Amino acid sequence: MKKWSKLSKILTLGVTVLMAASIFAGCGDEKKSADSGKSSNVAEDVAAIKKRGVLRVGVKNVTKGFGYQDPATGKFSGLEVDLSEALAKKLGVDVEYTPVTAATRTALLDSGDIDMVAATFTITPERKNSWDFTTPYYTDHVGVLVEKASGLKSLADLKGKVVGVSSGSTSAKALVKAMIDAKIIDGEGFDSKTFDAATWNKGVSFKQYADYPAISTALTSGEVQAFCVDKSILAIYCTDDRTFLKEQFAPQEYGLATKKGSGMSKVAEEAVQGWLKDGTIKKLEAKYGLDK
Ligand code: GLU
């Protein structure tokens with residue numbers, strides 16, 4: 001069964017698919033105030049989801065292996081989709097997926113349009129001030145994709161270049177930190193807490209985009225010379241005429257995110273703990289080729 005969500009229409013984010021759990025039982029503004037994602041009542045949110053009969057989850061729709069929506073069928077697949085579906089099953093409700101980006105996921109969680117984010121969402125100390133994260137279920141690394149014709153091979157070659165990143169992502173800060181650690185740039189003026197991709201221009205600079213397809217287009221047109229984000233996200237854009245720089249860096253631990261102090265935080269954490277113990281996560285990694 002397919003239905004258009006009000007939200008998707010408003011944000012023109014694409015379709016939201018509602019699937020019966022029994023059949024196919026699935027910016028982030030870093031500078032939020034400490035309680036921006038707080039749930040109004042700890043116990044009531046889970047009761048409300050059960051009453052509604054639907055768990056609403058924000059997932060990626062262009063990240064194969066994690067959250068991907070088949071354009072032909074509208075069907076979502078990926079490890080994060082399966083985890084969301086399993087969580088809905090645990091609660092005895094259906095699951096509804098809303099496509100999110102790094103730039104939209106936290107606003108949708110804060111507004112209550114979704115109950116949970118399962119979208120390659122890296123756990124960081126800053127983000128933990130605003131939202132609850134489960135124990136990590138997967139660790140990726142940040143990588144850099146370039147056109148083969150550019151001749152760029154390593155981080156050192158990025159000096160003076162413009163790099164495309166997603167708004168609301170950890171990517172720009174991770175790249176600058178990696179270049180400083182490798183002594184490619186000196187790090188003067190770098191402060192992890194106040195870093196801003198929009199204004200950083202020492203040794204490398206950034207253009208921020210609303211989504212990944214836009215960065216891929218910008219890489220082709222030469223508007224940016226490199227595309228930086230988690231390697232799992234980059235995989236789909238690594239076409240024959242492109243290659244990764246040799247370095248990968250900044251481990252990215254993915255957690256399910258929920259409103260701070262909410263009942264859903266507890267439910268999600270217990271579920272992830274269970275899946276890590278009983279081998280569910282390992283099985284899903286193998287199913288989606290994420291264990292290589
Ligand atoms: N995982 C990184 C982050 O949470 C990259 C952005 C993304 O998930 O799209 O910032």
Side-chain angles (χ1 to χ4, degrees), residues 11 13-14 26-32 37 57-69 76 78-81 83-84 97-110 114 116-145 163-178 192-193 195-198 200 206-216 218-219 224 226-238 244 248-258 288 290:
L11 298 175
L13 284 173
C27 143
D29 182 355
E30 306 282 313
K31 297 168 188 102
K32 297 262 174 195
V57 187
V59 295
K60 291 292 184 76
N61 62 349
V62 287
T63 305
K64 277 192 173 155
F66 289 87
Y68 180 75
Q69 187 177 21
F76 285 85
L79 177 140
E80 289 165 336
V81 169
L83 293 184
S84 304
Y97 303 111
T98 295
V100 298
T101 66
T104 65
R105 60 192 166 193
T106 54
L108 293 170
L109 186 59
D110 288 349
I114 54 176
M116 184 174 86
V117 174
T120 65
F121 200 5
T122 303
I123 305 163
T124 69
E126 294 86 3
R127 288 173 176 171
K128 276 163 96 174
N129 289 331
S130 299
W131 304 282
D132 283 337
F133 286 86
T134 62
T135 297
Y137 52 83
Y138 190 81
T139 303
D140 196 7
H141 284 81
V142 177
V144 182
L145 191 66
V163 180
V165 294
S166 166
S167 308
S169 72
T170 51
S171 317
K173 184 156 88 178
L175 177 60
V176 169
K177 173 93 174 34
S192 169
K193 287 208 173 72
F195 176 84
D196 184 2
W200 182 267
F206 299 94
K207 271 197 179 192
Q208 299 188 83
Y209 295 84
D211 57 36
Y212 297 113
I215 308 179
S216 184
L219 183 61
V224 296
F227 177 176
C228 177
V229 72
D230 309 357
K231 290 191 92 173
S232 57
I233 296 171
L234 282 177
I236 195 170
Y237 304 104
C238 189
F244 288 104
Q248 60 170 28
F249 43 91
Q252 302 286 303
E253 294 188 325
Y254 297 162
L256 301 177
T258 43
Y288 291 107
L290 305 172

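On a predicted model such as this, the values are computed, not experimentally measured, just so you know. Just so you know, ligand 1 is whichever comes first in the structure, and atom 1 is the first atom listed for that ligand.
- Of the heavy atoms in Ala119, only backbone atoms (N, CA, C, O) come closer than 4.0 Å to ligand 1.
- Arg127 counts as a contact of ligand 1, since one of its heavy atoms falls under 4.0 Å from the ligand.
- Ligand-side atoms of ligand 1 in range of Asp230: 1 (N), 2 (C), 5 (C), range being under 4.0 angstrom from any heavy atom.
- Interface of Lys60 with ligand 1, defined as ligand atoms under 4.0 Å from a residue heavy atom, comprises 7 (C), 8 (O), 9 (O).
- The atoms of ligand 1 that sit less than 4.0 Å from any heavy atom of Thr170 are 2 (C), 3 (C), 10 (O).
- Remark: distances from the non-hydrogen atoms of Lys173 to ligand 1 are all 4.0 Å or more.
- Listed by number with element, the atoms of ligand 1 under 4.0 angstrom from any heavy atom of Ile233 are 7 (C), 8 (O), 9 (O).
- Residues Tyr237 and Leu219 fail the side-chain proximity criterion, which asks for heavy atoms closer than 4.5 Å.
- Remark: the backbone N or O of Ala250 is paired with a side-chain donor or acceptor of Gln252 at under 3.5 angstrom.
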Where do Glu80 and Tyr138 land on the side chain to side chain donor-acceptor pair (under 3.5 Å) test, with the steps shown first?
-> CA-CA 10 Å; Glu80 289 165 336; Tyr138 190 81; over 6 Å; no
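- Listed by number with element, the atoms of ligand 1 under 4.0 angstrom from any heavy atom of Tyr254 are 1 (N).
- By the side chain to side chain donor-acceptor pair (under 3.5 Å) test, Ser166 pairs with no residue at all, sequence neighbours left out.
- For the pair Arg127 (side chain) and Thr122 (backbone), a donor-acceptor distance under 3.5 Å is present.
- Interface atoms of ligand 1 facing Val229, defined by a heavy-atom separation under 4.0 Å, are 5 (C).
- The shortest N or O to N or O distance between Thr120 and ligand 1 is under 3.5 Å.
- Take Ser232 and apply the side chain to side chain donor-acceptor pair (under 3.5 Å) test, not counting sequence neighbours, and it matches Asp140, Tyr254.
- Side chains of Tyr212 and Ile236 form no contact here, defined as non-hydrogen atoms less than 4.5 Å apart.
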